[in-house]
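What follows is one structure encoded as structure tokens, with my remarks underneath.
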Protein chains: 2
Amino acid sequence: MTPTRQKLIDGALAAIREHGIAGVSARTIATAAGVNQALVFYHFGTVDDLLAAACESATAASVASYRSALAGVTSLRELLAVGRELHEREKAGGNVAILAQMLAGAQTDPRLAPPTAAALALWTAEIETVLRRVLTGSPFGTLAEPAGLAKAVSAAFVGLELYEGVDEPGATTAFEALEQLAVLAEVVDDLGPVARRALRARLRRIP
Amino acid sequence: MTPTRQKLIDGALAAIREHGIAGVSARTIATAAGVNQALVFYHFGTVDDLLAAACESATAASVASYRSALAGVTSLRELLAVGRELHEREKAGGNVAILAQMLAGAQTDPRLAPPTAAALALWTAEIETVLRRVLTGSPFGTLAEPAGLAKAVSAAFVGLELYEGVDEPGATTAFEALEQLAVLAEVVDDLGPVARRALRARLRRIP
DNA sequence: GTCTATAGTAGGATAGAC
DNA sequence: GTCTATCCTACTATAGAC
């Protein structure tokens, strides 16, 4: 990785954060990177390709920085704590914000869709591993596929970050409600043998 | 509402759907609307103001079209069915897609944030009403605030629609997992008196 | 209210000097 | 690899004719 390539990638991330997908351009990126505008095309060919590289880089780094924390998670409560920490750090950093902007752009730009899907897959794979471990033997795990659940969790998280951008206090109440729901989930997961048997019996009656 | 204003609003919605927030302009909107480009500024002053009006209009219409269906909802299962129908219709229509694009744009454009928040509030208010009714007496309702839950549901839905744009089969598995989770929620909600008492006892021990 | 024309700015992309 | 200069396109917004 040459220094200029790195500058451009960092500049692209800064430009997305500052101007959103609607405002990024070779010029705004080059300004943020402190390099000449023509270098975007020399090093990456098109703006889209630079955005793809930047998104991949930022997501890979972000996911890696949570890998050890996620590896230690053995309960829903702990997973939630990691999610809360991620959310807190995102307020300053904004790697999920990058993903959200890419996702918005990818809806109508076929060149952005594959790299965005790939970046999201980094998150879902990590979350799926944790969910598979945490939900083993739980009523939740027996019913819902960890793979689908991981995708739903990632998508919901992105949606909440977007929502926070237009209604910060509202987003706080939304997160609090989800935390309460997770508490309930842990309680259900932790029911005594009698109640648990009743639950299992009910579940068996569902196709 | 003059015919031209209406054409412009419809054109704005079509343009957002086709080009995303990154690609809308007075020109793309005017082309979609079949009117002269200068009329955007005559009728709405700025592109942002037209987008705001279009978003409000589309969301209000969409919410209104689900009001009667939502009024008949008395269980989580039924609420889920409405959600599924909305999701199916969105594949063709795309009013949530509009909201998602506005949300992405609003992150960095302060002029888009208030109208976007207002449009989202139309959905959350409706969902909150239903949740409040459905969750009365349920362990879920006693723990989590319907207001926060409604916001979380709306945000998650937007996130899932965005996710679907880059990974359609993945989004399907995500929706399926959430449906399974809702089934489990209904089962918990419907537990026999013994198990229910055990659940309540546990919940009381949590602050 | 709607049109044409246009000013002024910003954007993608390339050629060619260094 | 990096820079300047430049072409062409597209954008917002307005002025003025109809």
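Only heavy atoms go into these numbers, but all of them, side chains included; no hydrogens, no water, no symmetry mates. Below, read A as the first sequence line, B as the second, and so on, with proteins coming before strands; counting in each chain starts at 1. Bear in mind the structure is a predicted one, so any value in this text is a computation, not a measurement.
Atoms CG (L8(A)) and P (dG1(D)) sit 12 Å apart, rounded to a whole Å. Summarising the geometry, the separation between CZ on R5(A) and P on dT2(D) is reported as 11 Å, rounded to the nearest angstrom. For I29(A) and dA10(C), the CD1 to P distance is 17 Å, given to the nearest whole Å. Atom NZ of K7(A) is separated from atom C1' of dG1(D) by 12 Å (rounded to the nearest Å). The CZ-C1' distance, from F44(A) to dG12(C), rounds to 16 Å in whole Å. The nearest whole Å value for the distance from the NE2 atom in H19(A) to the C1' atom in dG11(C) is 13 Å.
Using a cut-off of 4.0 Å between Lys/Arg side-chain N and Asp/Glu carboxylate O, R84(A) and E88(A) are scored as not salt-bridged.
Relative ring orientation between F157(B) and F175(B) is described as perpendicular, the plane-to-plane angle rising above 60° on a 0-90° scale split at 30° and 60°.
Judged by distance alone, the side chain of E90(A) and the main-chain N or O of N95(A) form a donor-acceptor pair under 3.5 Å. In this structure a side-chain-to-backbone donor-acceptor pair under 3.5 Å is present from Q107(B) to L103(B).
In this structure the side chain of L184(B) never reaches within 4.5 angstrom of the side chain of V188(A), judged on heavy atoms.
With sequence neighbours left out, the salt bridge (charged side-chain N to carboxylate O under 4.0 Å, His left out) criterion links E126(A) to R67(A).
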Subject >> Nucleic acid footprint by protein, nucleotides 4-18 of chain D - heavy-atom cut-off 4.0 Å, B for base, S for sugar-phosphate alone >> reply: B------BBBB----

